[in-house]
2 protein chains.
Amino acid sequence: MSREIRRTMPLLSMNIVMQLTELSARQIRYYEEHHLIEPHRTEGNRRMFSLNDVDTLLEIKDYLEQGMNMAKIKKLFAKKNEPVSTDEPNLSDSELRRIMREEMLQAQRMQKSSIRRGDLSRFY
Amino acid sequence: MSREIRRTMPLLSMNIVMQLTELSARQIRYYEEHHLIEPHRTEGNRRMFSLNDVDTLLEIKDYLEQGMNMAKIKKLFAKKNEPVSTDEPNLSDSELRRIMREEMLQAQRMQKSSIRRGDLSRFY
DNA sequence: TATTCCATGTTAGGAAACCTTACATGAACT
DNA sequence: AGTTCATGTAAGGTTTCCTAACATGGAATA
């Protein structure tokens, strides 16, 4: 399974994205308001983020820390996402999850070790 | 970030693990009771699973479908985590591939995907 | 300087998701 | 028939997340 697919699957809840990005929920929702990310929603309306969303958030964070404002960031992202456009077939969600499972099955994992809360942002 | 760390990070909530594994919450908790997985907990006592946990759950599921009971599965996992043995072939590879094939034929998940058309075209 | 704007904090009220515990059930053994 | 096993289900409680609204402090601007 390709890396890209893995990275676009909506796997992560708000809680964990806050930890991975060290952003507040308010900030994350604000950036969504500005259409910089568009997280998936569960049936119950909970946001579910992909790893790509996390990447984007980290990028936004970085730009803001550099003094860029939302308007500029928006333009920057607009340019980034512009060029490619074709009409391709869509894959169903179930297919995506199937692919995900496949990938996981192939992994040869041997041992677990637990990671303490708070370690995540350091490693990401 | 190393692969090991990626796979042991507790990123996933119950909800998404149920979807990835097609197991019920009851089942997942039951396997935890039997110490086959030990998901992390948030401060509020919510389970957070790693990709390795998902992997383990899929393995359990397969064994159960093959008619194995928990006692045997436990022993199997115990052996697996023992120091490496030189002779015996790894049967889980072919088994895993079998599950994969089975699951490919399956479908119908509940959640709609946030993955936009275009993201997958490069890979299919 | 005063005003407005921007990015974020905070609070409130409600809903969804998850928790544990306990009891129910049907299939497979004994 | 009784027991065990794996799972379902229900109840009652807690945590996490939601939206909406208002608050705020610093920057930009009039």
Side-chain angles (χ1 to χ4, degrees), chain A residues 10-50 53-54 56-77 97 117-118 120, chain B residues 10-50 53-54 56-77 99 109-112 114:
Chain A
L11 294 173
L12 309 174
S13 55
M14 178 58 88
N15 152 338
I16 203 70
V17 172
M18 289 171 63
Q19 290 179 57
L20 289 171
T21 60
E22 292 178 321
L23 293 168
S24 70
R26 182 67 170 93
Q27 287 175 297
I28 294 169
R29 295 190 192 114
Y30 184 69
Y31 307 150
E32 179 186 2
E33 252 177 58
H34 284 266
H35 305 98
L36 295 178
I37 54 172
E38 296 187 3
H40 179 74
R41 298 294 183 120
T42 67
E43 281 189 10
N45 202 34
R46 254 63 195 242
R47 288 173 182 81
M48 293 297 290
F49 302 85
S50 68
D53 289 331
V54 173
T56 301
L57 289 170
L58 289 170
E59 226 178 315
I60 294 168
K61 189 185 178 188
D62 189 40
Y63 291 144
L64 284 169
E65 280 167 1
Q66 288 176 31
M68 209 174 292
N69 64 18
M70 294 296 291
K72 281 179 190 168
I73 295 175
K74 274 193 200 179
K75 283 178 193 168
L76 219 163
F77 275 77
R97 257 189 282 282
R117 184 152 300 280
L120 300 180
Chain B
L11 294 172
L12 309 174
S13 54
M14 177 58 87
N15 155 341
I16 202 71
V17 172
M18 290 171 64
Q19 291 177 57
L20 289 171
T21 61
E22 293 179 321
L23 293 168
S24 69
R26 182 67 170 90
Q27 288 174 297
I28 294 169
R29 294 190 192 113
Y30 185 69
Y31 307 150
E32 178 185 2
E33 254 178 55
H34 284 266
H35 305 99
L36 296 177
I37 54 172
E38 297 187 3
H40 181 73
R41 299 291 184 124
T42 66
E43 281 188 10
N45 201 35
R46 254 63 196 240
R47 288 174 183 80
M48 293 298 289
F49 302 85
S50 68
D53 289 330
V54 174
T56 300
L57 289 170
L58 289 169
E59 230 179 312
I60 295 168
K61 188 186 178 189
D62 185 45
Y63 291 144
L64 286 169
E65 280 167 1
Q66 290 176 28
M68 209 175 290
N69 64 19
M70 295 295 292
K72 282 181 189 167
I73 294 175
K74 275 192 200 179
K75 283 180 193 168
L76 218 163
F77 275 76
I99 307 171
R109 297 265 59 72
M110 29 204 151
Q111 207 168 303
K112 288 165 204 155
S114 69

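Naming: A, B, ... by sequence-line order, numbering from 1 per chain. Since the structure is predicted, the reported quantities are computational estimates derived from the model, not experimental observations. FYI, side chains are in, hydrogens and waters are out, and symmetry mates aren't considered; it's all heavy atoms of this structure.
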Please test B:L64 against B:N69 for side chain to side chain contact (heavy atoms under 4.5 Å, CB included), starting from the C-alpha separation and ending with a verdict. CA-CA 6 Å; B:L64 286 169; B:N69 64 19; 5.7 Å; no
Between which nucleotides of DNA chain C, read 5' to 3', does contact with chain B run, using atoms under 4.0 Å from its heavy atoms? C:dA17 to C:dT20
Are [X] and [Y] close enough that some pair of their side-chain heavy atoms sits under 4.5 Å apart?
X     : Y     : answer
A:R41 : A:R47 : yes
A:K61 : A:L57 : no
A:M70 : A:L36 : yes

Strictly below 4.0 Å: does B:Y30 bring a side-chain N or O up to OP1 or OP2 of D:dT7? no
Any side-chain N or O of B:Y31 below 4.0 angstrom from OP1/OP2 of D:dT7? yes
Under the salt bridge (Lys or Arg N to Asp or Glu O under 4.0 Å) test, which residues partner A:R29, sequence neighbours left out? none
Residue pairs fulfilling ring-ring contact (aromatic ring centres under 6.0 Å, His included) with at least one residue in residues 11-33 of chain A, sequence neighbours excluded: A:Y30-A:H34
Using 0.5 Å steps for rounding, measure from the CD1 atom of A:I28 to the CE atom of A:M14. 5.0 Å
Among B:D53, B:L58, B:I16, side chain to side chain contact (heavy atoms under 4.5 Å, CB included) partner for B:T21: B:L58
In whole Å, what is the span from the NZ atom of B:K72 to the C1' atom of D:dT4? 15 Å
Gap between atoms CD and C1', on B:E33 and D:dG8 respectively (whole Å): 14 Å
For B:M18 and B:A25 the tightest heavy-atom approach is CE-N, 3.7 Å
With each end axis built from five pairs of C1' atoms, what bend angle do you get for the helix from C:dT1-D:dA30 to C:dT30-D:dA1? Round to 10°. 20°
Which letters describe nucleotides 11-26 of chain D, given B = protein heavy atom under 4.0 Å from base, S = only from sugar-phosphate, - = neither? ----BBBSB-------
Sequence neighbours excluded, the answer for ring-ring contact (aromatic ring centres under 6.0 Å, His included) partners of A:Y63 is none
